[in-house]
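Heads up: numbering here begins at 1 and tracks the sequence. Bear in mind that the values here come from a model prediction, so they are computed numbers and not experimental data.
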Amino acid sequence: MEENKASIANRLQAVKHKSGKSYSELAAETGLTNVYVAQLLKRQAQLKPDTAPKLRAALPDLPEDLIQEMMKPPMRSYDPNLIQEPTVYRLNEAIMHFGESIKEIINEEFGDGIMSAIDFYCSVDKVKGVDGKDRAVVMLDGKFLPYTEQKSEHMVSRLRLQ
């Protein structure tokens, strides 16, 4: 019987918990971002063959069947109830509040286009603010994808029909 995504993610989280390591520690050991490590352990990202030995070294109790499962393309999804979790809700609120301004600046700096969420890096860092209090820094680093003018002469599928 094939395990479902939640069951696999639970097993992966148990291995992480047993290791006693944080996502940032695992990231340092594997050369990945801390968010990407979390994505791997939530089955939201695919473990690549070159990275598997590094993750195996960082998490020695990670069984081979889970490594093999992690190397399959994941079903990227989210629970719609996740928005009710306070941190996720506030991140969504921040993007909704600042999103229009971020979009304007992207267009001003790059032109008409978007930031990719596929060719994308994300990390979370902890820093001290000027007031000495802890602050969370969420870095979103996405490739710029320009919108293209849709000329018929550039549409390969139409050219083949002619």
Side-chain angles (χ1 to χ4, degrees), residues 4-6 8-9 12-13 16 21-55 58-59 67 69-162:
N4 68 26
K5 180 179 175 178
I8 293 166
L12 290 166
Q13 291 299 308
K16 178 197 174 282
K21 296 178 182 177
S22 69
Y23 288 118
S24 293
E25 289 169 330
L26 293 168
E29 291 181 40
T30 58
L32 302 169
T33 67
N34 55 6
V35 172
Y36 196 80
V37 171
Q39 290 289 91
L40 284 170
L41 298 180
K42 292 286 190 180
R43 282 301 287 134
Q44 290 286 91
Q46 181 183 21
L47 179 62
K48 303 299 183 186
D50 292 347
T51 305
K54 296 173 189 171
L55 188 62
L59 292 171
I67 288 176
E69 188 64 37
M70 294 171 76
M71 293 178 84
K72 296 176 185 174
M75 177 60 73
R76 291 173 179 89
S77 61
Y78 68 95
D79 179 348
N81 294 320
L82 186 60
I83 192 67
Q84 296 174 15
E85 197 287 323
T87 300
V88 175
Y89 181 87
R90 292 293 179 243
L91 285 168
N92 188 61
E93 181 181 50
I95 294 298
M96 297 307 290
H97 180 75
F98 291 96
E100 188 174 1
S101 298
I102 292 168
K103 179 241 184 294
E104 290 292 322
I105 293 168
I106 287 172
N107 291 155
E108 186 176 87
E109 296 289 328
F110 296 94
D112 187 23
I114 61 170
M115 181 177 71
S116 172
I118 295 173
D119 188 349
F120 187 81
Y121 297 85
C122 184
S123 65
V124 177
D125 295 299
K126 180 179 176 181
V127 298
K128 289 284 183 198
V130 294
D131 59 1
K133 294 182 180 171
D134 289 339
R135 300 186 65 83
V137 177
V138 179
M139 181 70 64
L140 307 176
D141 179 342
K143 179 180 181 180
F144 177 73
L145 302 173
Y147 284 107
T148 58
E149 184 177 38
Q150 296 187 15
K151 295 182 179 180
S152 291
E153 64 195 59
H154 295 154
M155 192 171 173
V156 175
S157 58
R158 279 219 175 135
L159 295 175
R160 290 185 179 152
L161 295 175
Q162 295 177 357

Quick one: are L55 and I67 in side-chain contact, heavy atoms under 4.5 Å? no
Residue pair K151, E153: steps toward the salt bridge (charged side-chain N to carboxylate O under 4.0 Å, His left out) verdict: CA-CA 5 Å; K151 295 182 179 180; E153 64 195 59; 5.1 Å; no
Pair I95-L140, side-chain contact (heavy atoms from CB on, under 4.5 Å): steps then yes or no: CA-CA 11 Å; I95 294 298; L140 307 176; 4.3 Å; yes
Would you check if K48 and K54 make a side-chain contact, meaning some heavy-atom pair closer than 4.5 Å? no
Flag the pair M70 / R43 as yes when at least one side-chain heavy-atom distance between them is below 4.5 Å, and no otherwise. yes
With rounding to the nearest 0.5 Å, note down the distance linking CD1 in I83 to CG in L91. 9.0 Å
With a 3.5 Å distance limit and no angle check, can you tell me whether K21 reaches the backbone of A58 through a side-chain donor-acceptor pair? yes
Roughly how far, to the nearest 0.5 Å, is the CG atom of L32 from the CG atom of L26? 9.5 Å
Show the nearest heavy-atom pair for residues T33 and A27, with the distance to one decimal. C-CB, 3.6 Å
Once side-chain contact (heavy atoms from CB on, under 4.5 Å) is applied, do any residues pair with V137, and if so which ones, sequence neighbours excluded? D125, V127
Atom pair CD/OH of Q44 and Y36 - distance to nearest 0.5 Å: 11.0 Å
Point-to-point distance, once rounded to the nearest 0.5 Å, from CD of E25 to CG of N34: 11.0 Å
How would you list all residue pairs meeting side chain to side chain donor-acceptor pair (under 3.5 Å) that involve residues 82-99, not counting sequence neighbours? R90-E93
Do the non-hydrogen side-chain atoms of S77 and K5 ever get within less than 4.5 Å of each other? yes
Rounded to the nearest 0.5 Å, how far does CD of Q46 lie from OG1 of T51? 10.5 Å
Using side-chain heavy atoms (C-beta onward) and a distance below 4.5 Å, is K42 in contact with Q13? yes
Pairs under 3.5 angstrom only: tabulate donor-acceptor contacts from the side chains of residues 102-118 to other protein residues two or more places apart or in another chain.
unit_1 : atom_1 : unit_2 : atom_2 : d
K103   : NZ     : N107   : OD1    : 2.2
N107   : ND2    : G111   : O      : 3.0
N107   : ND2    : G113   : O      : 3.4
S116   : OG     : I118   : N      : 2.9
S116   : OG     : D119   : N      : 2.9

